[in-house]
2 protein chains.
Amino acid sequence: MKLGSRTTKQKRVILEILQNTDTHPTADWVYQEARQILPDISLGTVYRNLNLLRDLGKIQELNYGSGQSRYDGNPVNHYHFVCEKCKKVLDLDLSVVVDLDEEIREKYGFQVFNHRLEFYGLCKTCQEDD
Amino acid sequence: MKLGSRTTKQKRVILEILQNTDTHPTADWVYQEARQILPDISLGTVYRNLNLLRDLGKIQELNYGSGQSRYDGNPVNHYHFVCEKCKKVLDLDLSVVVDLDEEIREKYGFQVFNHRLEFYGLCKTCQEDD
DNA sequence: TTTATACTGAAATTAATAATCATTATTATT
DNA sequence: AATAATAATGATTATTAATTTCAGTATAAA
């Protein structure tokens, strides 16, 4: 038996929470949500499973600035917009630019696994009320 | 008088250290370097000035994963490659794709200030010794 | 239906960063 | 130059997010 091989209700609930939101929540938000379903779940278990699910490639961990990590239930690469005022992270429907990976491979000889692209600015609602 | 208005030797040394390296160092590395020149400088002062210089737009703070922040003495936008094995952060000489900002502005109505693009993989030396 | 061990909750621990505060140094004003 | 106002400092403490520990529990293989 190896790490991450057993299905537990905690693991299942955490993954479901992430797959049913597009808010790219923090570990603590996931914890609060999980408690609604499993009142005795601990924050440590949430962190443990978030790391596990990330390592298994089922979710993505996002980092913007030096704040806490955010988690994305969509494991497929896509880009994000981060509002600098309300701090919301929004999914962008842009075609992923794969040719850049190739350009770097050729130009520098690096092996490129993936890339991340994020945009920073003000979302629609935050532009209005300023 | 307002915050960040006075020139101190600590501030000058920290900025010079960052401008004379391309290693995108952590706060602690900057601290160790600064102590060679100013033995009594404190880590708190290093953090304070890094935040200040970032807010003044003279340096950039970089975040890859949930580890510690890295700092870039080049305030102009450019892209990075992060080696997942040796953790080195390398500058890339790619033309900045400004048209993407415009595309998002049009498509979503967001005001875009800037964007970040980073590539993850294995650098040349880490590809060899695996 | 026993056995091996992955996973858990609770608590303690770590690591990075920020805040506090009395003192010092810088700049503006006399 | 001397003085005054206050930004910045070093030293220390506090905060925060995240990880680790550990005895007990639950999962799944035998």
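Order of the sequence lines sets the chain letters (A, B, ...), proteins ahead of strands, with each chain counted from 1. What's counted below: heavy atoms across the whole structure, side chains too, no hydrogens, waters or symmetry copies.
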In whole angstroms, how far is the P atom of dT8(C) from the CG atom of Leu3(A)?
10 Å
Counting just side-chain N and O atoms, does Thr45(B) come under 4.0 Å of either OP1 or OP2 of dG10(D)?
yes
Excluding sequence neighbours, so at least two apart, what forms side-chain contact (heavy atoms from CB on, under 4.5 Å) with Val98(A)?
none
Arg105(B): what forms a salt bridge (Lys or Arg N to Asp or Glu O under 4.0 Å) with it, not counting sequence neighbours?
Glu102(B)
Once each nucleotide of nucleotides 14-19 of chain C is scored for protein heavy atoms under 4.0 Å, what B/S/- sequence comes out, 5' to 3'?
--SBS-
Apply salt bridge (Lys or Arg N to Asp or Glu O under 4.0 Å) to Glu61(B) and list each qualifying residue two or more places apart in sequence or on a separate chain.
Arg54(B)
Listed by chain and number, what are the side-chain contact (heavy atoms from CB on, under 4.5 Å) partners of Gln111(B), not counting sequence neighbours?
Leu122(A), Gln127(A), Phe113(B)
Acceptor/donor pairs from residues 15-22 of chain B side chains to any protein atom, 3.5 angstrom cut, sequence neighbours excluded:
residue	atom	partner	partner atom	Å
Asn20(B)	ND2	Glu16(B)	O	2.8
Thr21(B)	OG1	Thr23(B)	N	3.1
Thr21(B)	OG1	Thr23(B)	OG1	2.8

Could you tell me whether the side chains of Tyr79(B) and His115(A) share a donor-acceptor contact shorter than 3.5 Å?
no
When the distance from NZ of Lys9(B) to P of dT24(C) is rounded to whole Å, what number comes out?
13 Å
Can you tell me if Lys2(A) touches the phosphate of dA6(C), counting only side-chain N or O atoms and a distance under 4.0 Å to OP1 or OP2?
no
Distances for protein N/O vs nucleotides 2-4 of chain C N/O pairs under 3.5 angstrom?
none

Angle between the end axes of the helix from dT1(C)-dA30(D) to dT30(C)-dA1(D), five pairs per end, to the nearest 10 degrees?
40°
From C-beta outward on Gln10(A), which listed nucleotide comes closest to its side chain: dA8(D), dG9(C), dG10(D)?
dG9(C)
Could you list the residues that satisfy ring-ring contact (aromatic ring centres under 6.0 Å, His included) with Phe110(B), not counting sequence neighbours?
Phe81(A), Tyr108(B)
Separation of dA26(D) atom P from Arg12(A) atom CZ, nearest Å, is 14 Å
Can you name the residues that form a side-chain hydrogen bond (donor to acceptor under 3.5 Å, both in side chains) with Tyr47(A), not counting sequence neighbours?
none
Closer than 4.0 Å, any side-chain N/O of Thr7(A) to the OP1 or OP2 of dA28(D)?
yes
Mind checking what makes side-chain hydrogen bond (donor to acceptor under 3.5 Å, both in side chains) contact with Asn114(A), not counting sequence neighbours?
none
Using OP1 and OP2 only, check whether a side-chain N or O of Thr8(B) sits under 4.0 Å from dA25(C).
no
Just the rounded figure in Å: distance from P of dA8(D) to CG of Asn49(B).
8 Å
Does one hydrophobic cluster hold both Leu56(B) and Ile59(B), with members joined at side-chain heavy-atom distances below 4.5 Å?
no
Atom pairs and distances, side-chain donor-acceptor, residues 27-44 of chain A, under 3.5 Å, sequence neighbours left out:
residue	atom	partner	partner atom	Å
Ser42(A)	OG	Thr45(A)	N	3.3
Ser42(A)	OG	Thr45(A)	OG1	3.1

